[in-house]
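No experiment lies behind these values; they were computed from the predicted model shown. Every heavy atom of this structure was used, including side-chain atoms; hydrogens, water molecules and symmetry mates were not.
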Amino acid sequence: MLEMYANKRVPHAMLLLGNDGAGSLALGLAFAQYLNCTGDKSGGDSCGVCPECRKMAKIMHPDLHCIFPVVKKDESTSSDTFIDEWRNLICRKPYFDLSEWNNEIGADKQTLISKNDALLIHKKLSMRPYEAKYQILLMWRPELMNEAASNKILKILEEPPADTIFILASNSASEILPTILSRTQTLKVPPITEEALTQHIATTYNLSAADAQRIAHMSEGSYVKAMQIIDSAEQTSEDLDLFMQIMRCCYVANVTNMMKISENAAKTYTREQLKDKLNYTLHMLRESFVMNLNTPQLNFITPQEEAFLKKFAPFIHANNVMQLSEIVNEAIAQIEQNGNANMIMMNMLLQITIHLKKKRPE
């Protein structure tokens, strides 16, 4: 990116493609600040002290426009509705994921980038930069644009206003309209190396080298995941407990317990929280299958998870792992579509019961 700037070849629209934990959003913000910095940039970074840098760092610059997924409050809801929450979170921790953002704004259903945001983009970019060299539109998670929003921003991406740069930070290019992708230059943001992550969290969180290395390994190159592991030992224990309950009652086909688990989950968790629980179930199915390969370096689990999986893993094998994963993925999709959570959970548990006792391949 610095080379593009030095060669005066910064594209009008770029897609920073990488997991939230790899820092695609943080990189986008840093580059936006660098582009408009009026101080000394000879060290390969923005100066951090000029008026432009200070405003950019606080997400208060009039020429920085942020678009991100939000939950609909009323017909006028847009990213601007939640700009204070956005500033608060991003200034507090530049590395975060969609789940953390949803918790920040109290979202009880799926968050999206809507047509209102597309209209907001046109309105904000209709004028030239107010005080900086470039007017910058930073969009986080463009894959969560609904169809109306995607179609609405195509024209402005095709014919962008002068001195305007679009920076899109995405987790998944496959979920973005091809017509939008074709109008951006994709830059891949790789996962953080295990060595760099180990060193950073050991210093930042005052951890032993062994603990930092274990957490870095489990994080798979994601700083967000590393922070979550450090901060949420209690949450992981709760997720593991639910996973164990599900698998134990499904294995013995205890329909009464299945009904209790389904009803309790529907009452206790919001849709986003329940999706997190089911994504954890997918993670544990994967770890169970991998444990059977006897390659510990491929497992990303805590000691508590390992203790349970040593006994449970043999029941997850080539004859059922794909079917079980599809069942859980289908439940997640149905929850996203605002289906009845109790019924979705119960149906999922019944299907898991069918496949859990399948014989291992010879």
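- Within 6.0 Å of CD on Gln297 lie more than 12 heavy atoms contributed by other residues, nucleotides or ligands.
- For the pair Thr77/Ser114, no side-chain contact is recorded, criterion being any heavy-atom separation below 4.5 Å from C-beta on.
- Hydrophobic clustering places Ile352 together with Leu282 (ILVMFWY residues linked when any side-chain heavy atoms are closer than 4.5 Å, directly or through intermediates).
- A donor-acceptor pair is defined here as one N or O able to donate and one able to accept, closer than 3.5 Å; such a pair exists between the side chain of Arg360 and the backbone of Pro314.
- Using a 30° and 60° split on the angle between ring planes, His283 and Tyr280 fall in the tilted class, from 30° to 60°.
- Interatomic distance, Ile167 CD1 to Leu27 CG, rounded to the nearest 0.5 Å: 8.5 Å.
- One finds the OG atom of Ser126 at 12.5 Å from the CD1 atom of Ile121 (value rounded to the nearest 0.5 Å).
- Between Met348 and Gln334 the shortest side-chain heavy-atom distance does not fall below 4.5 Å.
- Judged by distance alone, with hydrogens and angles left aside, the side-chain atoms of Thr268 form no donor-acceptor pair with the main-chain N or O of Ala265 at under 3.5 Å.
- Between the side chains of Ser99 and Asp97, no donor N or O sits under 3.5 Å from an acceptor N or O.
- Dense packing is recorded around NZ of Lys225, with more than 12 heavy atoms of other residues, nucleotides or ligands lying under 6.0 Å away.
- Here the shortest heavy-atom pairing between Pro191 and Ala22 reads CA-CB, 4.1 Å.
- Using a 4.0 Å cut-off between charged side-chain N and carboxylate O, Lys124 and Asp80 make a salt bridge.
- Note: the hydrophobic cluster containing Leu207 also contains Tyr95 (ILVMFWY, side chain heavy atoms under 4.5 Å, direct or indirect links).
- Atom CG of Leu197 is separated from atom OG of Ser222 by 8.0 Å, given to the nearest 0.5 angstrom.
- In this structure, Ser262 and Leu349 approach most closely via the heavy-atom pair OG-CD1, 3.5 Å.
- The aromatic rings of Trp86 and Phe68 sit parallel to each other, their planes meeting at less than 30°, with 60° as the upper class boundary.
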For this session: Check the pair Asp20 / Arg141 against side chain to side chain contact (heavy atoms under 4.5 Å, CB included), numbers first and verdict last.
Result: CA-CA 9 Å; Asp20 289 325; Arg141 291 299 197 97; 2.7 Å; yes
message = side chain to side chain contact (heavy atoms under 4.5 Å, CB included) for Ile90 and Leu25? Distances and angles first, verdict last.
response = CA-CA 9 Å; Ile90 210 166; Leu25 175 60; 3.8 Å; yes
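- Taken from CG in Leu157 to CG in Leu168, the straight-line distance is 7.0 Å, to the nearest 0.5 Å.
- A donor and an acceptor atom, one from each side chain of Gln213 and Glu194, are located under 3.5 Å apart.
- Remark: Lys155 does not engage Glu158 in a salt bridge, criterion side-chain N to carboxylate O under 4.0 Å.
- Asp40 places no side-chain N or O within donor-acceptor distance of the main-chain N or O of Cys47, the cut-off being under 3.5 Å.
- In this structure, His61 and Glu131 have side chains that are in contact, with non-hydrogen atoms separated by less than 4.5 Å.
- Residue Met322 qualifies as open at atom CE: its count of foreign heavy atoms under 6.0 Å is 12 or below.
- Using a 4.5 Å cut-off between side-chain heavy atoms of Ile, Leu, Val, Met, Phe, Trp and Tyr, with links allowed through other members, Val252 and Met244 fall into the same hydrophobic cluster.
- Just one residue in the list Ile136, Leu137, Thr164 forms a side chain to side chain contact (heavy atoms under 4.5 Å, CB included) with His65, and that residue is Leu137.
- Using modelled atom types and a 3.5 Å distance limit, the side chains of Glu143 and Ser172 yield no donor-acceptor pair.
- A cation-pi arrangement, defined by a distance under 6.0 Å to the six-membered ring centre and an angle within 45 degrees of its axis, is present between Lys357 and Tyr251.
- Ring-plane geometry between Trp101 and Phe96 is classed as tilted, the angle between the planes lying from 30 to 60 degrees on a 0 to 90 degree scale.
- Using a 4.5 Å heavy-atom cutoff, the side chains of Thr302 and Leu240 are not in contact.
- The backbone N or O of Tyr34 sits less than 3.5 Å from a side-chain atom of Lys41, completing a donor-acceptor pair.
- A single hydrophobic cluster is seen to contain both Leu181 and Ile153, as judged by linkage of ILVMFWY side chains at heavy-atom distances under 4.5 Å, directly or through other members.
- Val70 is not listed as a side-chain neighbour of Thr111, based on a closest heavy-atom distance of 4.5 Å or more.
- Counting all heavy atoms, side chain and backbone alike, Ala162 lies closest to Pro129 at O-CD, 4.4 Å.
- Residue Met259 places its CE atom among 12 or fewer non-hydrogen atoms of other residues, nucleotides or ligands, all under 6.0 Å distant.
- For Leu356 against Asn320, the heavy-atom pair with the smallest separation is O-ND2, 3.8 Å.
- A donor-acceptor pair is defined here as one N or O able to donate and one able to accept, closer than 3.5 Å; no such pair exists between the side chain of Asn264 and the backbone of Lys260.
- Across all non-hydrogen atoms, the minimal contact from Asp63 to Ala132 is OD2-N, 2.8 Å.
- Note: Phe312 and Phe308 have parallel aromatic rings, judged against thresholds of 30 and 60 degrees for the angle between ring planes.
- In the displayed structure, Met343 atom CE is contacted under 6.0 Å by at most 12 heavy atoms of other residues, nucleotides or ligands.
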Assess the residue pair Asp163 and Gln135 against the criterion (side chain to side chain contact (heavy atoms under 4.5 Å, CB included)); give the C-alpha distance rounded to whole Å, side-chain angles, the decisive distance to 0.1 Å, and a yes or no. CA-CA 6 Å; Asp163 302 319; Gln135 188 166 210; 6.0 Å; no
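- For the pair Leu144 and Leu98, the minimum side-chain heavy-atom distance is below 4.5 Å.
- The environment of NZ in Lys358 is crowded: more than 12 heavy-atom neighbours from other residues, nucleotides or ligands sit within 6.0 Å.
- Interatomic distance, NZ of Lys93 versus CE of Met227, reported as 4.5 Å (0.5 Å rounding).
- Remark: side-chain polar atoms of Asn279 are paired, donor with acceptor, to backbone N or O of Lys275 under 3.5 angstrom.
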>> Pair Met247, Leu285 - check side chain to side chain contact (heavy atoms under 4.5 Å, CB included), show working.
In response: CA-CA 10 Å; Met247 295 306 156; Leu285 289 173; 4.2 Å; yes
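- Remark: Glu104 engages Arg92 in a salt bridge, criterion side-chain N to carboxylate O under 4.0 Å.
- Counting heavy atoms from C-beta on, the side chains of Leu242 and Asp239 never come closer than 4.5 Å.
- Summarising the local packing, CZ of Arg9 is surrounded by 12 or fewer heavy atoms from other residues, nucleotides or ligands at distances under 6.0 Å.
- Separation of atoms CE (Met56) and NZ (Lys58) is listed at 14.0 Å; rounding is to 0.5 Å.
- The two residues Tyr269 and Leu274 come nearest to each other via the heavy atoms CB-N, 3.9 Å.
- Following chains of ILVMFWY side-chain contacts shorter than 4.5 Å, one cannot reach Phe31 starting from Val49, and the two form parts of different hydrophobic clusters.
- Within the 4.5 Å cutoff, no side-chain heavy atoms of Asn292 are placed close to those of Phe315.
- With respect to Met145, the side chain to side chain contact (heavy atoms under 4.5 Å, CB included) criterion is satisfied by exactly one of Met139, Lys115, Glu175, Lys152: Met139.
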